[in-house]
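Along the sequence shown, the residues carry numbers beginning at 1. Remember, predicted model here, so these are calculated numbers, not experimental data.
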Amino acid sequence: MEENMEMTEVKQKLEKYGQSHVLRFYDELSENEKQDFLKQIMDTDLSVVAQYGKKADARGEFTPIRTMQKDEIETRQDEFRKIGADAIREGKTAALLLAGGMGTRLGSDNPKGMYNIGLTKEVFIFQRLIENLLDVVNEVGSAPRLFIMTSEKNNDATVAFLKEKKYFGYPEEKVSFFKQEMAPACDYDGHLYLEEKGKLATSPNGNAGWYSSLIKAGLDEIIRKEGIEWVNVFAVDNVLQRICDPCFIGATIDAQVECGAKVVRKAAPDEKVGVMCLEDGRPSIVEYYELSDEMMEAKDEKGEPAYNFGVILNYLFKVEALDRIVRQSMPLHVVEKKIPYLDENGNFIKPTEPNGYKFEQLVLDLIHMLDSCLPYEVEREKEFAPIKNPTGVDSVESARELCRKNGIEL
């Protein structure tokens, strides 16, 4: 009886969005597979697929944003450090690691954070990040809450690995895991793809979907209960970044803004990084391919490039502002991708060309929905060692070299 009711609900939902075709192999599934499939359909937001034919809104007018640069930070660092350390001790700051990715580009089938960058001993990406956070714990005498966002694909492996490694010395009671929400993928006509006979093809909902995913997992209860006012969000791939950095937190709180963004001076005018700016007077990020020649040549009052500070995906968000934003509708980005799928005969097809759309919410929209943001300059050589490739630029090799320069034994 219960399955019939659930099936009726699922059918109504699929009919509403014109997606009834996804049940074509339903009768071939086992009872457990049927239950899992019906649950996945009910849990998936199918309304996003209505966006498939939409083009992204045109960007607004870009103007430079004032960045707090290293000389100003050095002059006021004692003051900032005290404000930040107090906020951490009072439990007002949490860290949130975006760890949903896999190590595929590095030639690994494991979660990216499990990748070993060590040369003479094991040094995992997760280990490096947690050790950076432990530096702050040792400095201020208090451990911030650490949220770790995984994905459907890597959750079990990530949780098991960190438990096995005893969280690399981080207090277990301070660690909370949650899974990123998934968005469905569709073909060019807006029809959902199946990746298995009883499974929709889905992908993570972008690097701005973390707060809605945290709420869906019920972890906002921890934020309320513990009185957390700030969340420092950071990506898994930068092994040198400082997390819950008291000076950064203090500067952001002192500036009375809704967000702080760590930035680095660009290595070259055309470096492929997003740049902090104002868009129609509100904080935003201009992607490297959107920078016009005029913007690249523009100068600030010091005669330096006006669009000179790249983001490194290390942000400090005010919870109050996130709660306001999450009630609004965030823009969806429709991205053309190669999506593996089952054809009408149930054959698995791995396309060599893009064959449809994935849907993502991006952090630049999250930033743009805020009233204010403080770009905060950090030293590239000390805080920016991203690992995206096995060799070359932003690679395991370049990160190892930067770790060595910073006295980190590998």
Side-chain angles (χ1 to χ4, degrees), residues 62-77 80-81 84 128-129 132 207 232-235 237-252 254-255 257 259-279 283-316 363-364 367-368 370 372-389 392-395 397-408:
F62 295 122
T63 50
I65 189 170
R66 184 186 173 276
T67 296
M68 183 177 277
Q69 296 182 23
K70 282 186 303 187
D71 51 358
E72 185 181 349
I73 293 164
E74 278 160 25
T75 310
R76 300 182 63 190
Q77 68 173 330
F80 291 154
R81 201 166 282 284
R128 280 269 57 253
L129 296 172
N132 289 346
N207 61 13
N232 187 183
V233 177
F234 61 105
D237 57 9
N238 177 5
V239 291
L240 278 188
Q241 62 190 318
R242 312 309 297 169
I243 303 136
C244 287
D245 165 3
C247 199
F248 174 48
I249 292 167
T252 305
D254 181 72
V257 289
C259 170
K262 284 198 169 187
V263 295
V264 292
R265 209 168 278 258
K266 282 163 63 175
D270 59 350
E271 186 184 4
K272 292 180 176 181
V273 291
V275 174
M276 283 301 302
C277 65
L278 293 172
E279 182 181 351
S284 194
I285 295 164
V286 57
E287 296 291 7
Y288 67 91
Y289 51 80
E290 296 175 306
L291 279 171
S292 63
D293 291 345
E294 192 185 347
M295 288 166 81
M296 278 195 223
E297 287 161 18
K299 300 283 186 276
D300 65 12
E301 67 279 2
K302 290 183 180 174
E304 293 178 355
Y307 296 92
N308 201 26
F309 293 96
V311 288
I312 61 172
L313 220 169
N314 187 313
Y315 300 102
L316 183 67
V363 81
L364 66 90
I367 300 283
H368 192 46
L370 298 168
S372 50
C373 178
L374 174 74
Y376 174 100
E377 185 189 4
V378 296
E379 198 169 327
R380 235 188 136 98
E381 295 262 297
K382 290 185 177 172
E383 292 204 34
F384 191 48
I387 296 177
K388 298 188 186 298
N389 310 297
V393 178
D394 294 346
S395 68
E397 287 180 347
S398 59
R400 280 178 180 145
E401 180 57 23
L402 284 162
C403 284
R404 191 188 61 73
K405 280 184 180 169
N406 282 279
I408 295 160

- Message: Lys302 vs Asp71, test: salt bridge (charged side-chain N to carboxylate O under 4.0 Å, His left out). Steps then yes/no.
- Response: CA-CA 13 Å; Lys302 290 183 180 174; Asp71 51 358; 3.8 Å; yes

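Side-chain atoms of Asn238 and Asn314 include no donor-acceptor pair closer than 3.5 Å.
Residues Leu402 and Glu381 have side chains in contact (heavy-atom distance under 4.5 Å, counting atoms from C-beta outward). Side-chain atoms of Pro305 and Tyr307, non-hydrogen and from C-beta on, never get closer than 4.5 Å to each other. Contact check for Cys277 versus Ile285: no side-chain heavy atoms found under the 4.5 Å cut-off.
Checked against ring-ring contact (aromatic ring centres under 6.0 Å, His included), Tyr376 has the following partners two or more places apart in sequence or in another chain: Phe248. In this view, Lys70 and Glu74, Glu377, Glu379 satisfy the side chain to side chain contact (heavy atoms under 4.5 Å, CB included) rule, not counting sequence neighbours. Lys388 is linked by a side chain to side chain donor-acceptor pair (under 3.5 Å) to Asp237, counting only residues two or more places apart in sequence or in another chain. For Ser395, the side chain to side chain contact (heavy atoms under 4.5 Å, CB included) partners two or more places apart in sequence, or in a different chain, are Asn389, Glu397, Ser398. Legend: residues meeting ring-ring contact (aromatic ring centres under 6.0 Å, His included) with Tyr315, ordered by chain and number and at least two apart, are Phe317. Legend: residues meeting side chain to side chain donor-acceptor pair (under 3.5 Å) with Glu401, ordered by chain and number and at least two apart, are Arg404.
Atom CG of Leu374 and atom CZ of Arg66 lie 8.0 Å apart (nearest 0.5 Å). One distance of note links CD of Gln69 with OG1 of Thr75; it measures 11.5 Å at 0.5 Å rounding.
Side-chain atoms of Asp254 do not come within 3.5 Å of backbone N or O of Gly250 as any donor-acceptor pair.
Partner of Phe309 under the side chain to side chain contact (heavy atoms under 4.5 Å, CB included) criterion, chosen from Lys262, Arg265, Met68, Lys266: Arg265.
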